[in-house]
Amino acid sequence: MSRTGRLNCIIPPHLLDKLLTNDDSEVRKAALHTLLTTTRLRGERTVRSSFIGAAAAGGGRRTVFDCRQSRSLASAELARSEEGPVSGNVSVNRAFDGLGTTREFYTKVFQRDSLDDRGMRLDGYVHYDMDYNNAFWDGRRMVFGDGDGRMFTDFTSALDVIGHELTHAVTEFTAGLAYHDQPGALNESISDVFGSLVKQWSLNQTAETADWLIGADVFTPGIEADALRSLKAPGEAYDNPQFGKDPQPDHMSMYVNLPNTELGDSGGVHINSGIPNKAFYLTAKHIGGFAWEAAGLIWYESLKASSAETNFQEFADTTYQKADELYGAESAEQLAVLAAWQEVGIQISGVPAGVARARSLSAGRGNGAGREDGLAALTRQIGALAAQLKELSEDVTVLKAGK
């Protein structure tokens, strides 16, 4: 069971709050309803977390239930089980597949036995409530709303959203990052990182070809927005009249100080998560290849080595140390970590500023300049060899003529 007593939702309160001023009365109504329902659920979970024990183990078995637009999870109908047939309900099947893909990702990539590493069963609930604009992890299960059909659509449609929410459980059973200020923003970032990696892994995408977006499929077609968040470009996921401008910063100089309240997004956990998100993207980009391999492993091991109140600086230092342990001091992977955190305004403790670039260039790594210099040197060597061969050929010709 969760140690945080927290309801983790994919749609942050500032987006729903923005919809309360929308010109469409139905949009306002759905946003208010979602906010009130989510507030009630948070209260229920806080009480429940004080007496519910560990989550039931079940070999990571999946079960999906249909709420049939009810808010009662207890009365939801069994819709698909691990041994059961494929459902005729698209949302049921998408939820079932998303749970399975996330489970397989953690099993095959990190050898983790379900979310708690003890075979925790995976329960999903679809068609929750009417016009519910959210999806959430409540400490024991994943719950999906259908959206209002105007702003948001069925939340089972986004695999990265499923991966994001289930990763909150992984965080709960490892570091247990507190849900406020920097630890909370790091909590959200970890879910964004591994939610994106679940999608990339399922599509066999490299760091270069991935879109690095979270929730690109949750908006209805009429909404001009790339996604809820972008790891590659925090602050640029959306900019429209309905939601305003994406408020995420990508550098510590733009860190947003907000109150640790519900309206303050618990100290800006969904906003300031853009900073560590960008650091992970840059690390994966610098290393290249599949992001879940080196970069993902470094972040996963760093998560396991963190604690409830770990802040950005401490997590950055841990990733640098883990890169050393996994790949060696001044390896390409460690230099990528160092450079990435420097680019978002966080200097690794004990490492002078500017070291990452100097070391990466001298090692022929980092931003590609070293590789370009190496290619130029190789070209020169080939040219010199060709000249030598030409001279040798001319010498042979002269010798033959002399005979």
Side-chain angles (χ1 to χ4, degrees), residues 6-22 24 26-42 45 71 91 95 98 124-138 141-168 179 184-185 187-189 191-192 195-196 213-220 222-231 234 237-248 258 261-274 277:
R6 186 76 195 184
L7 189 79
N8 300 110
C9 299
I10 192 65
I11 303 299
H14 66 266
L15 283 185
L16 293 171
D17 188 60
K18 181 68 175 178
L19 294 180
L20 295 178
T21 61
N22 193 277
D24 188 329
E26 293 300 317
V27 170
R28 296 197 303 271
K29 180 180 177 182
L32 179 60
H33 173 73
T34 300
L35 282 167
L36 293 175
T37 299
T38 303
T39 299
R40 176 182 59 80
L41 288 167
R42 284 198 177 103
R45 184 184 173 188
R71 284 184 290 178
S91 297
Y125 290 76
V126 302
H127 303 308
Y128 176 79
D129 203 359
M130 292 286 294
D131 298 333
Y132 187 68
N133 284 330
N134 230 324
F136 60 84
W137 168 258
D138 77 346
R141 55 213 163 190
M142 177 89 200
V143 181
F144 303 88
D146 289 335
D148 58 8
R150 287 175 167 80
M151 298 291 118
F152 297 103
T153 187
D154 185 345
F155 285 86
T156 65
S157 63
L159 175 60
D160 48 10
V161 166
I162 298 175
H164 171 105
E165 292 302 324
L166 295 182
T167 296
H168 278 303
Y179 207 72
N187 190 319
E188 280 298 325
S189 174
S191 278
D192 277 353
S196 180
L213 299 174
I214 295 293
D217 301 313
V218 303
F219 293 111
T220 56
I223 303 300
E224 293 184 5
D226 290 335
L228 293 171
R229 290 180 290 281
S230 170
L231 284 78
Y238 56 85
D239 186 1
N240 57 49
Q242 294 88 356
F243 298 106
K245 178 76 168 63
D246 178 2
Q248 280 205 316
L258 292 171
T261 62
E262 187 168 336
L263 288 179
D265 190 29
S266 302
V269 298
H270 288 93
I271 295 174
N272 292 312
S273 56
N277 275 359

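For the single chain, residues carry numbers from 1 onward in sequence order.
- For the atom pair OG (Ser189) and CG (Leu231), the distance works out to 6.5 Å, reported to the nearest 0.5 Å.
- Ring centroids of Phe144 and Tyr125 are separated by 6.0 Å or more, keeping the two rings apart.
- Once rounded to the nearest 0.5 Å, the distance linking CG of Asn272 with CD of Glu188 reads 11.5 Å.
- For Thr167, the side-chain hydrogen bond (donor to acceptor under 3.5 Å, both in side chains) test picks out Tyr106, with sequence neighbours left out.
- Interatomic distance, CG of Asn133 versus SG of Cys9, reported as 11.5 Å (0.5 Å rounding).
- Scanning for ring-ring contact (aromatic ring centres under 6.0 Å, His included) contacts around Tyr128 gives Tyr132, Phe136, with sequence neighbours left out.
- For the pair Ser157 and Thr153, the tightest heavy-atom approach, listed with the atom from each and the gap, is OG-CG2, 4.1 Å.
- Annotation for Pro13 and His270: closest pair CD-ND1, 4.3 Å, computed over non-hydrogen atoms.
- Among residues two or more places apart in sequence or in another chain, the side-chain hydrogen bond (donor to acceptor under 3.5 Å, both in side chains) test is passed with Ser191 by His168.
- Annotation: side-chain hydrogen bond (donor to acceptor under 3.5 Å, both in side chains) contacts of Asp160 (sequence neighbours excluded): Lys199.
- Taking all atoms of both residues into account, the shortest heavy-atom contact from Ala237 to Ser230 is CB-N, 3.9 Å.
- For residues 144-158, every residue pair satisfying the salt bridge (Lys or Arg N to Asp or Glu O under 4.0 Å) rule, not counting sequence neighbours, is listed here: Asp24-Arg150, Arg94-Asp154.
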(request) Would you sort out whether Leu15 and Leu228 count as a side chain to side chain contact (heavy atoms under 4.5 Å, CB included), showing the intermediate values? (result) CA-CA 9 Å; Leu15 283 185; Leu228 293 171; 3.9 Å; yes
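- Residue His33 forms a side chain to side chain donor-acceptor pair (under 3.5 Å) with just one option from Asp129, Thr38, Asp131, and that option is Asp129.
- Checked against side-chain hydrogen bond (donor to acceptor under 3.5 Å, both in side chains), Asn134 has no partners two or more places apart in sequence or in another chain.
- With no hydrogens or angles considered, no side-chain donor-acceptor pair links His14 and Asp265 at under 3.5 Å.
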Can you give the donor-acceptor pairs under 3.5 Å from side chains of residues 238-245 to other protein atoms, not counting sequence neighbours?
{"residue": "Asn240", "atom": "OD1", "partner": "Gln242", "partner atom": "N", "Å": "3.2"}
{"residue": "Asn240", "atom": "OD1", "partner": "Phe243", "partner atom": "N", "Å": "2.7"}
{"residue": "Asn240", "atom": "ND2", "partner": "Glu224", "partner atom": "O", "Å": "2.8"}
{"residue": "Lys245", "atom": "NZ", "partner": "Gly235", "partner atom": "O", "Å": "2.2"}

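- Rounding to the nearest 0.5 Å places CG of Asp192 at 10.5 Å from CG of Leu213.
- Leu32 meets the side chain to side chain contact (heavy atoms under 4.5 Å, CB included) test with Leu20, Leu36; sequence neighbours excluded.
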